[in-house]
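These notes are about the structure you will find just below.
Numbering of ligands and ligand atoms starts at 1, following listing order.
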Amino acid sequence: MNVVGLTTSHEVYIASKERKFRINELILIEDPNQGPVIGEVSETFSYNRYIPFSLNHDFFDVKVVESLKRLGYSIDEEEINVAKVKLMTETTYPIVTGSKARIPDFLEVKDILVRGSKEDGLVIGEIKHTEETAQTMEEELKGLFYILNKGKTEKTKSVPFILDLRSFQQYPHIGIFGGSGSGKSFGMRVIMEELMKKGIPSIILDPHYEMDFSTSSDIGERPDFSDCYQKFQIGEDIGVEFSALTTRDLLDLLSAVKPLTEAMSSAIEILFKRGDSYASFSSRVEDLCEALEMGKAKLDKMLALEGIKEIEKEKYRRLRELVEEYSNIPLPSVQGISWRLKRLYYSGIFSHDINPVIRALKSGKLSVIQGPIWLLQVFATYILSSLYRKRRDYKDGELRGEKNFEYFPPFVVATDEAHNFAPKGYDAPSKGIIKEIAQEGRKYGVFLVLATQRPTLLDETVTAQLNTKIIFRTVRGNDISTLMEETDLSSEEAKRLPYLPSGDAFVSTPLFGRTIAIRVRYPYSMSPHLKNPFDELIEKNTQELEEYYELIKKELPIYESNLLRVAKNISSQNSKVVMEVNALKNLLEEMVKKGKIKKEISPLGCFYTEA
Ligand SMILES: Nc1ncnc2c1ncn2[C@@H]1O[C@H](COP(=O)(O)OP(=O)(O)O)[C@@H](O)[C@H]1O
Ligand SMILES: [Mg+2]
């Protein structure tokens with residue numbers, strides 16, 4: 001392996017007869033004057049005599065060929081592999097052409113590859129193309145997890161990619177980007193597993209109902225996560241304590257059902273009294289609806305009627321007062337508020353509180369929050385604001401030296417479909433709190449992990465605050481441009497984005513100061529709906545066949561001439577089964593095909609018997 005052709009102080013070409021290069025491999029160049037210099041392969045080429053120079057890449061000019069020849073490469077006979085190598089740090093002088101190059105030992109590149117220990121970091125996956133370097137790696141970093149490659153799971157043979165937890169203080173937030181099927185959910189799952197292993201209090205919004213960790217993926221050893229997370233359904237396990245709501249909270253909640261008009265917002269500000277219960281607020285709204293529908297004149301007429309019951313009079317008087325007090329609120333606004341409020345009420349959200357989540361966080365668990373997306377948006381705003389406020393109050397209190405604030409731990413907030421929660425260009429109730437955490441969370445130890453398939457649709461302020469970006473396969477041009485603007489992704493890497501296999505990603509993080517190509521490790525657990533729907537059908541059919549087998553077992557052997565009697569027998573002995581002759585014949589044939597029973601011929605005709 002040698003440096004060939006024209007060199008600069010930040011880029012060289014390297015040629016080898018024996019070795020094929022791979023993108024992102026690290027190469028050590030032994031420059032006689034400047035000592036060892038580390039570089040990373042950014043493009044690879046292969047040359048043989050069947051390719052005329054003029055058609056080959058433009059770098060392959062006469063000078064390179066001459067240089068190759070002088071170094072002893074016989075370009076007329078052999079295949080020659082060439083790599084374009086970017087140097088990690090700029091050298092003072094251009095690299096000497098002809099310098100030797102080799103694959104570095106682990107210790108020579110440890111600082112470039114590993115920042116943080118496996119004890120203090122999230123072990124996300126392996127760094128691509130580091131197998132050779134990993135051979136000289138210390139034992140305790142070897143084989144930390146499994147990798148799924150081409151349908152086979154095997155222990156990693158590469159250098160692990162570790163995100164140091166302590167660095168979160170400095171670079172707090174993570175973004176996960178990639179098109180559908182590119183590996184975001186797997187990546188998110190791996191991060192959640194790592195957080196659980198470390199006992200870090202976390203909360204994940206789970207719009208796809210996929211964050212369950214009880215089913216193990218098909219790898220042997222795995223940690224048991226059953227005590228590390230809890231699932232909560234909005235409206236069933238957790239909800240919003242109405243009497244603790246501020247006007248702002250209520251506005252957010254109602255507008256999350258459907259955006260509020262300005263008239264509605266100001267109506268809510270007038271109608272809602274701090275400390276209102278759901279009952280007191282909703283009956284005020286309902287009464288006002290009725291009052292406005294009837295109108296002042298009609299109410300006066302009713303009140304003036306003779307012989308009306310006192311209890312009704314009381315009601316009209318109350319309605320009359322309401323019209324008087326809120327005469328400037330238009331009826332459609334009150335109606336709009338009323339149906340939004342009912343929609344929330346029927347979701348069950350007001351019958352619970354968030355205490356179960358607080359308890360889970362305090363004991364270092366992951367809370368999985370599930371619900372339909374509209375409700376999740378409503379609830380996210382409320383729960384994130386409440387938890388963030390608790391943590392902030394505790395930290396601020398601590399700073400001021402006050403001791404009476406209840407301890408509230410730092411925590412991680414994660415969600416998929418983040419562009420729904422903090423969209424670019426328009427307002428969403430949850431956007432405010434996510435932006436606030438993105439900008440200030442670091443101060444309080446509140447960290448974000450946001451995944452989206454549309455980086456272009458995610459609020460720019462939020463995107464800019466996601467220090468570490470994990471970028472999976474991305475096909476859309478404008479998403480690629482957004483990612484290039486927001487990261488140090490090179491144009492060569494950007495060109496590869498549409499072709500990354502699922503599970504491969506580029507990680508751009510200030511912690512490493514460069515983009516790193518990784519393969520995300522295979523998760524220990526799997527999503528409950530990962531089962532292939534066709535496998536599910538087959539499983540279901542097999543189960544049904546098993547049940548039928550139980551029914552006919554007692555009747556074996558069954559003669560074909562006797563099917564009618566057997567069918568009647570089965571029907572009469574099992575109240576729930578009505579068996580027809582044809583159905584029975586099909587069933588028996590099916591069981592023969594599956595090998596559950598066999599069919600034989602006798603002088604009395606065909607019969608079915610035990611296999
Ligand atoms: N790290 C990985 N290792 C192996 N296979 C992966 C990995 N990530 C994703 N895959 C494969 O790709 C599929 C889609 O991944 P998923 O995470 O569901 O994509 P997304 O959430 O981006 O739509 C998975 O079902 C799996 O087969
Ligand atoms: Mg997904």
Side-chain angles (χ1 to χ4, degrees), residues 24 122-131 143-163 174-194 204-213 215-220 222 368-370 372-373 376 414-421 449-458 466 469-476 479-480 482-483 496-507 516-536:
N24 299 120
L122 310 181
V123 183
I124 306 289
E126 63 178 29
I127 304 182
K128 299 277 290 181
H129 306 320
T130 52
E131 297 91 330
L144 293 183
F145 46 82
Y146 286 83
I147 286 288
L148 174 71
N149 240 336
K150 305 203 174 84
K152 272 201 342 227
T153 44
E154 51 185 24
K155 275 218 168 126
T156 172
K157 296 190 183 70
S158 305
V159 177
F161 178 74
I162 300 175
L163 271 183
I174 300 178
I176 302 177
F177 304 103
S180 168
S182 62
K184 291 183 304 302
S185 294
F186 268 48
M188 184 64 103
R189 174 172 292 277
V190 164
I191 294 178
M192 293 304 116
E193 288 179 351
E194 291 293 314
I204 182 166
L205 311 174
D206 181 19
H208 300 141
Y209 296 88
E210 61 186 355
M211 286 298 157
D212 183 279
F213 303 90
T215 318
S216 80
S217 58
D218 43 5
I219 48 180
R222 60 165 230 140
V368 180
I369 313 285
Q370 297 180 325
I373 187 104
L376 209 50
T415 184
D416 201 349
E417 309 290 357
H419 60 275
N420 285 330
F421 295 94
V449 183
L450 301 182
T452 173
Q453 39 178 320
R454 299 303 318 275
T456 311
L457 304 184
L458 185 65
L466 301 171
K469 295 188 173 70
I470 305 177
I471 304 160
F472 291 94
R473 181 175 61 244
T474 304
V475 180
R476 277 177 213 256
D479 287 336
I480 295 178
T482 304
L483 290 168
R496 286 164 57 202
L497 273 183
Y499 309 104
L500 288 183
S502 302
D504 276 15
F506 289 115
V507 182
I516 299 180
I518 67 163
R519 176 153 189 83
V520 171
R521 71 165 173 78
Y522 196 57
Y524 299 117
S525 58
M526 63 183 213
S527 154
H529 37 239
L530 254 193
K531 198 183 271 177
N532 183 312
F534 296 103
D535 290 343
E536 190 184 305

Looking at every non-hydrogen atom in both residues, tell me the closest pair between Arg519 and Asn149 and how far apart they are. NE-OD1, 3.8 Å

If you measure from each heavy atom of Ala451 to ligand 1, is any distance below 4.0 Å? no

Under 4.0 Å from a heavy atom of Gly179: which atoms of ligand 1 are those, numbered in the order shown and with their elements? 22 (O)

Arg519 near ligand 1 by a heavy-atom separation under 4.0 Å: yes

Within 4.0 Å of some non-hydrogen atom of Ser180, the atoms of ligand 1 are 23 (O)

Counting heavy atoms only, which of Pro501, Gly181, Pro523, Ser527 comes nearest to atom 13 (C) of ligand 1? Gly181

Is there side-chain contact between Ser502 and Arg473, with at least one heavy-atom pair below 4.5 Å? yes

Among Leu450, Ile204, Ile470, whose side chain to side chain contact (heavy atoms under 4.5 Å, CB included) with Met188 holds? Ile204

I need the contact type for Arg521 against ligand 1. Using non-hydrogen atoms and a strict under-4.0 Å cut-off, is it side chain, backbone, both or neither? backbone

So if I count the atoms of ligand 1 from 1 in the order they appear, which ones are less than 4.0 Å from some heavy atom of Ser185? 17 (O), 18 (O), 20 (P), 21 (O)

Below 2.8 Å, can you find an N, O or S atom of Met188 next to the Mg ion (ligand 2)? no

Does Leu148, backbone or side chain, put an N or O under 3.5 Å from an N or O of ligand 1? no

Does Lys155 reach the side chain of Lys157, with side-chain heavy atoms less than 4.5 Å apart? no

Whether Glu194 and Arg521 form a salt bridge (side-chain N of Lys/Arg under 4.0 Å from carboxylate O of Asp/Glu) is what I want to check. yes

Numbered in order shown, the ligand 1 atoms found under 4.0 Å of a heavy atom of Gly503 are 1 (N), 2 (C), 7 (C), 8 (N)

Between Lys184 and ligand 1, is there a nitrogen or oxygen pair with a distance under 3.5 Å? yes

pair Ser182-Leu500: side-chain heavy atoms closer than 4.5 Å: no

Closest non-hydrogen atom pair, Ile127 against Phe161: CG1-CB, 3.9 Å

Using a cut-off of 6.0 Å, state whether more than 12 heavy atoms not belonging to Arg476 lie near its atom CZ. no

